[in-house]
2 protein chains.
Amino acid sequence: MASRAKATIFDIAREAGVSKSTVSLVLQGSGLIRPETAVKVRKAIEDVGYVYNRGAANLRKAHSNVIGMVINDLTNPFFAELAVGMERVFQSAGIVPFIANTAENPVRQEEVLKSLMEQGVAGLIVSPARGTTPGAFRRLEIAGVPVVFAMRRLPESRIPVITPDNHRGAYLATAHLIGKGHRRLAFFGGSSDLVVYHERLGGFREACETLGIDARDALIIEGETNRKGGMACLETSLAMAEPPTAALCFNDAVAFGVMLALRKRGLEPGADFAVVGFDDVVEAEHYMPPLTSVAVDSAGLGERAAHVMIKMIQSRTTRAEDHIGAVNLVVRESCGPDRRTRARAMGTGGAA
Amino acid sequence: MASRAKATIFDIAREAGVSKSTVSLVLQGSGLIRPETAVKVRKAIEDVGYVYNRGAANLRKAHSNVIGMVINDLTNPFFAELAVGMERVFQSAGIVPFIANTAENPVRQEEVLKSLMEQGVAGLIVSPARGTTPGAFRRLEIAGVPVVFAMRRLPESRIPVITPDNHRGAYLATAHLIGKGHRRLAFFGGSSDLVVYHERLGGFREACETLGIDARDALIIEGETNRKGGMACLETSLAMAEPPTAALCFNDAVAFGVMLALRKRGLEPGADFAVVGFDDVVEAEHYMPPLTSVAVDSAGLGERAAHVMIKMIQSRTTRAEDHIGAVNLVVRESCGPDRRTRARAMGTGGAA
DNA sequence: TTGATTTATTGGAACGTTCCATTTAATAAG
DNA sequence: CTTATTAAATGGAACGTTCCAATAAATCAA
């Protein structure tokens, strides 16, 4: 209401009877000022209701402490987890990261990136939107802003990447299905404009071939990466001449959709059709039946991404090594007769 | 890599053979400059790889276009939905909101608010963390920054609030349970340091009294507002001498927990124990059994909050009217014999 | 042709900080 | 008692914009 003109360090200086420079020093916690003076100044800061103007400071300092995270879908708990992991690290480093959502929209992403750059971010952690064009991050590179990709990568980009081991995860899951005796397999959901898709599909294919199944017999159906997509995939597959008996799904959301569609047709997930998900979101454990899924530790990947970012900023580089995170197949009850229910298979999925 | 010193409007001016003022005018899209000149300048902007420095600009303009949203729990899809609703509105207004997560931690919230203020935000939409002290927003008020509370309110605060009609929602849900013939009711989850809790509990109590049930017979168990809390509540209640036969849950997460715990005891949610949730998150519809819940349209509330914020900024005020959003009871199958499955009861819950 | 008006462009001060170079005050060394 | 040394505080320039007042160029009226 009252809102008198914003207080500046000059107001503080007058109030405390010192110079603006002294105030500045106190604000930065410099040891050069006499403790009593510092106390006096700090009191004045309180009294005048001062708010530090970081914009003005950055004008001189030329390096802010703001880090942005650009997330492609905030409503997916999987990405929200990623964000939370990053925050944990930044918090302990005294950094407040700003999150922006692109809602899987490359145009929006462009706006978001522009805005963050204008704000003078020190670095950016990005899970790029589907359909991102290769040039979208050129401006960032030119400006020399450190960028890390998390969970997703772009084809032919030099930007460091933190992702789970998608290939291995898909391999483990597929081997598990084959080990259960399934011979007609399907891969449901996702689309080929995502690098992740190719990685996971690659693991699926390799497992098929290694374990004696002709990959050309496998059914591959692209689709949306959500429940609806999963339902559609299942319907399509059951309309085939020789329908599959098991499916590896692009992610858990797709798997939930598949199970939903099975129920709707009077089929029991697990007994009548085996389903494996990917990501192992919290819901997977509580679903009916509990979903077998590839756990990727998204919060851990978020932490790792944050650490890499901090390193990059400190060493003033825009390059860093990629990091491929370990995955586990978490076996639950969505793949038929529960021989080893609720056991955690760590790095072994029956690839014998 | 190369990263030559950041280009400024002076560099553009030199490149285009005009003055810095002209460049500034072009950047602001002023109609005062000759179109050909504008084209020339815009080309120079591209050529030098210029990045607008909003911090410097704000130094003069004294009003940024940055809006912050402070969310208490980003992993709850309910709050993520709220964020998405807000973003929709801001996007069409050309504003990029920055989201920050407080993880339900008042200390973290303090840091976040401080950081956002230092960044010079034009306004703040906040879903306050549980346990927020009344003074937490004093600095914002002093600085005259517009603030809107969303989903949650603080006791005795003058800050405008956008919330669902918690009292009515709880009333409708409770009346529904009573209409089904239940007489021993429970209210599960939440805690009394949340204003929302009192609102929902108030609706519950009013329904009991109005519809002929002594509210003192009702069982009220506080607890965490997540699955775990729900499980604990159910266990506690079943240990009572005369256990309840139905429960209104503080939110859907609690309701999911209750259903989980029922199953674990071999009881069937719906048939053996009626459960109603609150919020109607997307999972509610797909759960087994589908959860009857109070829909609050969180995305819509987010949009509303964003609109109010934009109005406040334009009219340079820090006051605005509260907004209480309508709620619907969405009846599904978690409350016993499904007399009217999948019907949407709009504003009427059987309060006759 | 001259002056008035409109249209485009420009220089300079200001915004709130940081940081360097300086000054002043206090202390130590000779 | 000087003079060198250290500690504490300060003034001024700079950061990259915006915006006002001023100028220059073009158009119009008389």
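Since the structure is predicted, the reported quantities are computational estimates derived from the model, not experimental observations. Throughout, a chain's letter reflects where its sequence line sits, starting with A, and its residues are numbered from 1.
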What is the separation between atom CG on A:Leu32 and atom P on C:dA21, rounded to the nearest whole Å? 15 Å
Expressed as a whole number of angstroms, how long is the span from A:Glu36:CD to D:dA7:C1'? 13 Å
Pick from A:Val161, A:Ile162, A:Val148: which one makes a side-chain contact (heavy atoms from CB on, under 4.5 Å) with A:His323? A:Ile162
Distance alone, cut at 3.5 Å: any donor-acceptor contact between the side chains of B:Asn58 and B:Ser64? no
Does A:Arg34 put a side-chain nitrogen or oxygen below 4.0 Å from OP1 or OP2 of D:dA9? yes
Are A:Glu110 and A:Lys114 close enough, and set up right, to give a salt bridge (charged side-chain N to carboxylate O under 4.0 Å, His left out), and what steps lead you there? CA-CA 6 Å; A:Glu110 204 83 44; A:Lys114 180 152 170 274; over 6 Å; no
Do nucleotides 14-19 of chain C as a string where each nucleotide becomes B, S or -: B if the base has a protein heavy atom under 4.0 Å, S if just the sugar-phosphate does, - if no protein is that close. BBBBBB
Please check if the number of heavy atoms outside B:Arg304 that lie under 6.0 Å from its CZ is greater than 12. no
Test your reading of the model: is there a side-chain donor-acceptor pair from A:Gln109 to the backbone of A:Ala129, 3.5 Å cut-off? yes
Would A:Arg42 and A:Glu36 satisfy salt bridge (charged side-chain N to carboxylate O under 4.0 Å, His left out), going step by step from the backbone distance to the final call? CA-CA 10 Å; A:Arg42 267 189 275 271; A:Glu36 322 156 37; over 6 Å; no
Is any side-chain N or O of A:Thr22 closer than 4.0 Å to OP1 or OP2 of D:dT10? yes
